Amino acid sequence: MKKVTIINQNKGGVGKSFLTALILEKEKKAGSNFIIIDIDSGNRSTFKRFSENDDYAQYVSEFSLLKGDAIDKGLFNEFFERISSSDKDIFYLDLGGNESREILSLFKTIGVENVAEFFKSIDVDVQFLTVVKVGDRDCLDHLKNVSLLIEKDFKHTCMANSNSFDDESDDNYAKLQAFCKKGKVNIKPFGKAPAGKISDTISDYVRSGFTTSLGMFKGIFVGMVENLNINE
């Protein structure tokens, strides 16, 4: 069975690309048979960063699901059928803001139960990772929309960007935990740096496709990779 993880959030600047970079490095080190597919029609930042890096190019690809501003059902079906017959085992879909909204619209139109049945018929197991910048109302609204739509049919994990809150006693993080518990959504922080908040420096490292020399910060990034947990 193919394993597909949909990384989503309806706005930029919340940590989707950061999380994707952590996943890329972790799966590469683990020797997994995986690929990250950049489906952000407005940016393609993940693909651009790593496709020209000889050490990472084989792990990234790109695809568009949009016709106009909406996800096309035919392209959607074709895309997942190609995944089903691929020689890869693990797929991470890096969605842009528009795709993150439109995939929910498509699920509503088709019917979530019908989408789940389609995935089952082609032997594809799908989970959602919704990235959240803690304290951001738009992020929380999108998290709620995803949760309400897919709660009975798909595994759903909230990935809370550690650079957006102080620690687990932070009031905003506590509220997010309470919401996730009520909605039966897993919640996992990512990107916590032992040296404090260094998001700008780490972002430079990620944006460079891991080519910028950051000295000790590179080591901190490696620690973030090792501590990443999305499947347990």
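Quick caveat: nothing in here was measured; it's all calculated off a predicted structure. Numbering of residues begins at 1 and proceeds along the displayed sequence.
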Looking at F190, is its backbone amide N or carbonyl O close enough to the side chain of S162 to form a donor-acceptor pair, meaning the two atoms are under 3.5 Å apart? yes
Distance under 6.0 Å and angle within 45° of ring axis: K155 vs F128: no
Under a 3.5 Å threshold, yes or no: a donor from one side chain and an acceptor from the other, between H142 and T130? no
Reported CD-to-CG distance for the pair E25 and D55, which is rounded to 0.5 angstrom: 9.5 Å
Reported CG-to-CG distance for the pair L228 and L19, which is rounded to 0.5 angstrom: 6.0 Å
Separation between NZ (K48) and OG (S17), nearest 0.5 Å, reads 11.0 Å
State whether the side chain of N98 and the backbone N or O of D69 hold a donor-acceptor pair below 3.5 Å, judged by distance alone. yes
Please name all residues satisfying salt bridge (charged side-chain N to carboxylate O under 4.0 Å, His left out) with R101, sequence neighbours left out, ordered by chain then number. none
Using modelled atom types only, decide if a donor and an acceptor are shared between the side chain of T157 and the backbone of N186 within a distance under 3.5 Å. no
Assert yes or no for the condition that the ring centre distance of F63 to F79 is strictly below 6.0 Å. yes
According to salt bridge (charged side-chain N to carboxylate O under 4.0 Å, His left out), who are the partners of D125, at least two apart in sequence or on a separate chain? K3
Between D136 and K11 (salt bridge meaning N to carboxylate O under 4.0 Å), is one present in this structure? yes
In terms of the angle between their ring planes, are F107 and F76 parallel, tilted or perpendicular, with boundaries placed at 30° and 60°? perpendicular
When the ring planes of F18 and F221 are compared, do they come out parallel, tilted or perpendicular, using 30° and 60° as the limits? tilted
Can the positive tip of K88 be found less than 6.0 Å from the middle of the six-membered ring of F34, inside 45° of the ring normal? no
Short side-chain donor-acceptor distance under 3.5 Å, Q9 and S100: no
